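What you see is a predicted model; the values in this text were computed from it and never measured. Note: hydrogens, waters and symmetry copies are ignored here, and every other heavy atom, side chains too, is used. Every chain is numbered from 1, with letters handed out A, B, ... down the list of sequences.
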There are 2 protein chains.
Amino acid sequence: MIESEVFRALADPTRRAVLERVAAREMSVGELKSHFAVSQPAISQHLAALKGAGLVAERRQGRFAYYRADPTGITPLLSWVERYRAFWPERIEKLKDVLKGMDP
Amino acid sequence: MIESEVFRALADPTRRAVLERVAAREMSVGELKSHFAVSQPAISQHLAALKGAGLVAERRQGRFAYYRADPTGITPLLSWVERYRAFWPERIEKLKDVLKGMDP
DNA sequence: CTTTCTCATAAGTATGTACTTATATGTTGA
DNA sequence: TCAACATATAAGTACATACTTATGAGAAAG
């Protein structure tokens, strides 16, 4: 299930930090690695997980791989939250509007 | 970190389903169990994880334990999403309003 | 008191995950 | 052509997690 993949991808703090880096701006694996205390394969593995969850996109150029966050990636998460509407009577209505404003 | 606990708690599909049940209405462990194909200890363990993440609250009455979803529990998740503001220029502003409307 | 119930905890197991080092794949520049 | 580079993949390891069965703790009912 895609929902589970997104939640699982975000459950790891290092992976969230990686996502936040590539959300700030597109970045190569090497530059990304320079910000973390883990090996290059670990970064590549985190990126693969984020990509599998639809949270990042990849652009290949020569021997470099540039990653950036995909803004549509957290949609499944927001959709899941939206399903709490019955539980959160009024508050959730505004979130619904946010979802409508997003690309489908 | 509480963020990680929330994401980890929600990463498991059974646990999300449990949370959705107790979000619909307060329920005892036994009744909750009747909706799932896992053992009673498994349900208790899922509830302990959800409680640890602040997603459910417990009410004890005699030999029964009643669980209900805690609406403030997903706040860390929404706060994390809100930190994407720089990445999602306009869309996220509305989500910010949602957070303001919530109990702190 | 003792049995029955509701639930939590303990202990064991199989699978998943986050990392490592080593190596493979493909690209560039000397 | 080939050596250095950037990244991905493979394989191994330590720890986490999702389950199980067995048992413990407390409340209710006989």
Side-chain angles (χ1 to χ4, degrees), chain A residues 1-22 25-70 77, chain B residues 1-22 25-70 73 77 80:
Chain A
M1 203 197 256
I2 185 66
E3 260 172 23
S4 292
E5 259 191 299
V6 173
F7 281 118
R8 262 190 295 112
L10 296 175
D12 184 79
T14 302
R15 204 148 48 216
R16 278 199 308 281
V18 166
L19 177 58
E20 284 167 39
R21 286 279 177 185
V22 300
R25 67 178 173 80
E26 188 180 70
M27 220 173 277
S28 72
V29 176
E31 184 181 357
L32 225 104
K33 170 185 159 6
S34 73
H35 295 294
F36 295 93
V38 299
S39 66
Q40 170 267 313
I43 298 290
S44 284
Q45 287 158 16
H46 282 310
L47 287 167
L50 290 168
K51 193 180 169 192
L55 290 163
V56 303
E58 186 191 9
R59 181 175 63 88
R60 211 44 97 92
Q61 185 180 343
R63 49 185 164 172
F64 292 86
Y66 296 97
Y67 286 87
R68 63 187 176 284
D70 181 343
L77 186 152
Chain B
M1 202 195 257
I2 185 66
E3 261 171 24
S4 292
E5 258 191 298
V6 173
F7 281 118
R8 261 190 295 111
L10 296 175
D12 184 79
T14 303
R15 204 146 49 214
R16 279 201 306 283
V18 166
L19 176 57
E20 285 167 39
R21 285 280 177 185
V22 299
R25 67 178 172 81
E26 189 181 67
M27 220 172 277
S28 73
V29 176
E31 183 181 358
L32 207 48
K33 171 186 159 6
S34 73
H35 296 293
F36 295 94
V38 298
S39 66
Q40 171 267 313
I43 297 289
S44 285
Q45 288 157 16
H46 281 310
L47 288 167
L50 290 168
K51 194 181 170 193
L55 289 163
V56 304
E58 185 191 9
R59 181 174 64 88
R60 210 46 96 93
Q61 184 178 346
R63 49 185 164 173
F64 292 85
Y66 295 97
Y67 286 87
R68 62 188 176 284
D70 180 343
L77 187 152
W80 179 86

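Near-neighbour residues of DNA chain C inside residues 42-57 of chain A, defined by a heavy atom below 4.0 Å, number-ordered: A:Ala42, A:Gln45, A:His46.
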Return the polar atom pairs (N/O with N/O) between nucleotides 15-17 of chain C and the protein under 3.5 Å, or none.
from, atom 1, to, atom 2, distance (Å)
C:dT17, OP1, A:Arg8, NH1, 3.4

Is there any protein nitrogen or oxygen under 3.5 Å from a nitrogen or oxygen in nucleotides 3-6 of chain C, and what are the pairs?
from, atom 1, to, atom 2, distance (Å)
C:dC5, O4', B:Arg63, NH1, 3.4
C:dC5, O2, B:Arg63, NH1, 3.2

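Residue A:Leu32 contributes atom CG, which lies 14 Å from atom P of D:dA6 at whole-angstrom precision. Rounded to an integer number of Å, the gap from B:Lys33 NZ to D:dT21 C1' is 13 Å. The distance from atom CG of A:Leu10 to atom P of C:dA18 is 12 Å, rounded to the nearest whole Å. Atom-to-atom, CD of A:Gln40 to C1' of D:dC5 comes out at 11 Å; the value is rounded to the nearest Å.
At the heavy-atom level, B:Gln61 lies nowhere under 4.0 Å from the strands shown. If you check every strand for non-hydrogen atoms under 4.0 Å, A:Tyr67 touches sugar and phosphate atoms only. Using a 4.0 Å heavy-atom cutoff across all strands shown, B:Glu58 reaches sugar-phosphate atoms only and no base atom.
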Legend entry - side-chain contact (heavy atoms from CB on, under 4.5 Å) evaluation trace for A:Leu77 with B:Leu77: CA-CA 9 Å; A:Leu77 186 152; B:Leu77 187 152; 3.3 Å; yes
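Interatomic distance, CD of B:Glu26 versus CZ of B:Arg21, reported as 15.5 Å (0.5 Å rounding). Considering CG of A:Asp70 and CG of A:Leu50, their distance stands at 11.0 Å, rounded to 0.5 Å. Between B:Tyr67 atom OH and B:Glu31 atom CD the span is 14.5 Å, to the nearest 0.5 Å.
The side chain of B:Ser39 places an N or O atom within less than 4.0 Å of a non-bridging phosphate oxygen (OP1 or OP2) of D:dT20. At C:dC19, one or more side-chain N or O atoms of A:Thr14 fall inside 4.0 Å of OP1 or OP2 (strictly under the cut-off).
Scanning both residues, A:Ala9 and A:Ala53, for their nearest heavy atoms gives CB-CB, 3.9 Å. Nearest heavy atom pair, residue B:Ala69 against residue B:Leu19, reads CB-CD1, 3.9 Å. Considering every non-hydrogen atom in both B:Ser44 and B:Val29, the closest pair reads OG-CG1, 4.0 Å. Across all non-hydrogen atoms, the minimal contact from B:Ala11 to A:Phe7 is CA-CB, 3.6 Å. Between B:Val38 and B:Lys33, the closest heavy-atom pair is O-NZ, 3.8 Å. Of all the heavy atoms in B:Glu5 and B:Gly52, the pair that sits closest is OE2-O, 3.3 Å.
In terms of modelled atom types and a separation under 3.5 Å, the side chain of A:Arg15 and the main chain of A:Leu10 share no donor-acceptor contact.
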